Amino acid sequence: QVQLVESGGGLVQAGGSLRLSCVASGTIFSINAMGWYRQAPGKQRELVAEIDSGGRTNYAGSVKGRFTISRDNAKNTVYLQMNSLKPEDTAVYYCDANGWLPSRSRFVSWGQGTQVTVSS
């Protein structure tokens with residue numbers, strides 16, 4: 001019932017920027033952490049950035065200083081601002097969220113992904 005939808009991916013030249021958005025919808029009591037993962041062809045899915053309900057953030061070392069994660073709790077939305085993009089950033093980017101349903105059960109939800117391609 002909790003659904004996440006990503007948007008904002010596309011093709012960009014090295015050094016450029018993209019802003020990804022992910023909106024959570026459904027019957028949600030609260031969202032704790034939200035995050036972004038990515039998966040390049042032939043590689044493992046890796047955490048890019050995450051943000052908890054208090055606004056605390058964590059980043060993968062490879063993106064720290066270039067990417068910024070933020071959230072708008074009123075809109076149940078998480079963003080990923082990606083600057084100084086490199087070809088190595090090319091991947092499908094997925095957002096995830098976890099939290100609580102009104103039933104007091106925990107949920108974990110993933111989006112379908114959005115493609116980010118950085119050309120050299």
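Bear in mind that the values here come from a model prediction, so they are computed numbers and not experimental data.
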* **Shared hydrophobic cluster, Leu80 / Val23 (ILVMFWY, side-chain heavy atoms < 4.5 Å)** => no
* **Flag side-chain contact, heavy atom, 4.5 Å: Met82 against Asp89** => no
* Asked: If you group Ile, Leu, Val, Met, Phe, Trp and Tyr by side-chain heavy-atom gaps below 4.5 Å, do Tyr93 and Leu11 land in one group?
  -> no
* Closest heavy-atom contact between Pro87 and Ser120? -> CG-CB, 3.9 Å
* To do: Determine yes or no for a side-chain-to-main-chain donor-acceptor pair under 3.5 angstrom, with Glu6 supplying the side chain and Leu20 the backbone.
  => no
* All side chain to side chain donor-acceptor pair (under 3.5 Å) counterparts of Glu50, not counting sequence neighbours -> Asn58
* Examine Tyr59 and Val78 and state if one hydrophobic cluster contains both, with Ile, Leu, Val, Met, Phe, Trp and Tyr joined whenever side-chain heavy atoms are less than 4.5 Å apart. => yes
* Measure the shortest side-chain to side-chain distance between Phe107 and Gln1 over non-hydrogen atoms and say whether it is less than 4.5 angstrom. => no
* Contact check, side chains of Met34 and Ile69, non-hydrogen atoms, under 4.5 Å -> no
* To do: Evaluate the side-chain proximity of Ser25 to Val5: yes if any heavy-atom separation is below 4.5 Å, no if none is.
  => no
* Closest approach of Asn83 to Ser17 (non-hydrogen atoms, all atoms of both residues) -> OD1-OG, 2.8 Å
* **Nearest heavy atoms of Ser70 and Ile51, plus distance in Å** => CA-CD1, 4.0 Å
* Under 3.5 Å side-chain donor-acceptor pair for Ser53 and Asn32 -> no
* Asked: Got Leu85 and Phe67 here, is their nearest side-chain heavy-atom distance under 4.5 Å?
  -> yes
* **Cluster check Tyr79, Val12: I/L/V/M/F/W/Y, side chain < 4.5 angstrom** => no
* To do: Can you establish whether the number of heavy atoms outside Glu46 located under 6.0 Å from its atom CD is more than 12?
  => yes
* Taking the hydrophobic residues Ile, Leu, Val, Met, Phe, Trp and Tyr, and joining any pair whose side-chain heavy atoms are under 4.5 Å apart, which ones share a cluster with Trp100? -> Phe29
* Structure fact -> Taken in chain and number order and not counting sequence neighbours, the residues that satisfy side-chain contact (heavy atoms from CB on, under 4.5 Å) with Arg45 are Tyr37, Gln39, Tyr94, Trp110
* Is there side-chain contact between Arg71 and Ile31, with heavy atoms separated by less than 4.5 Å? -> yes
* Should we count CZ of Arg56 as having more than 12 external heavy atoms under 6.0 Å? -> no
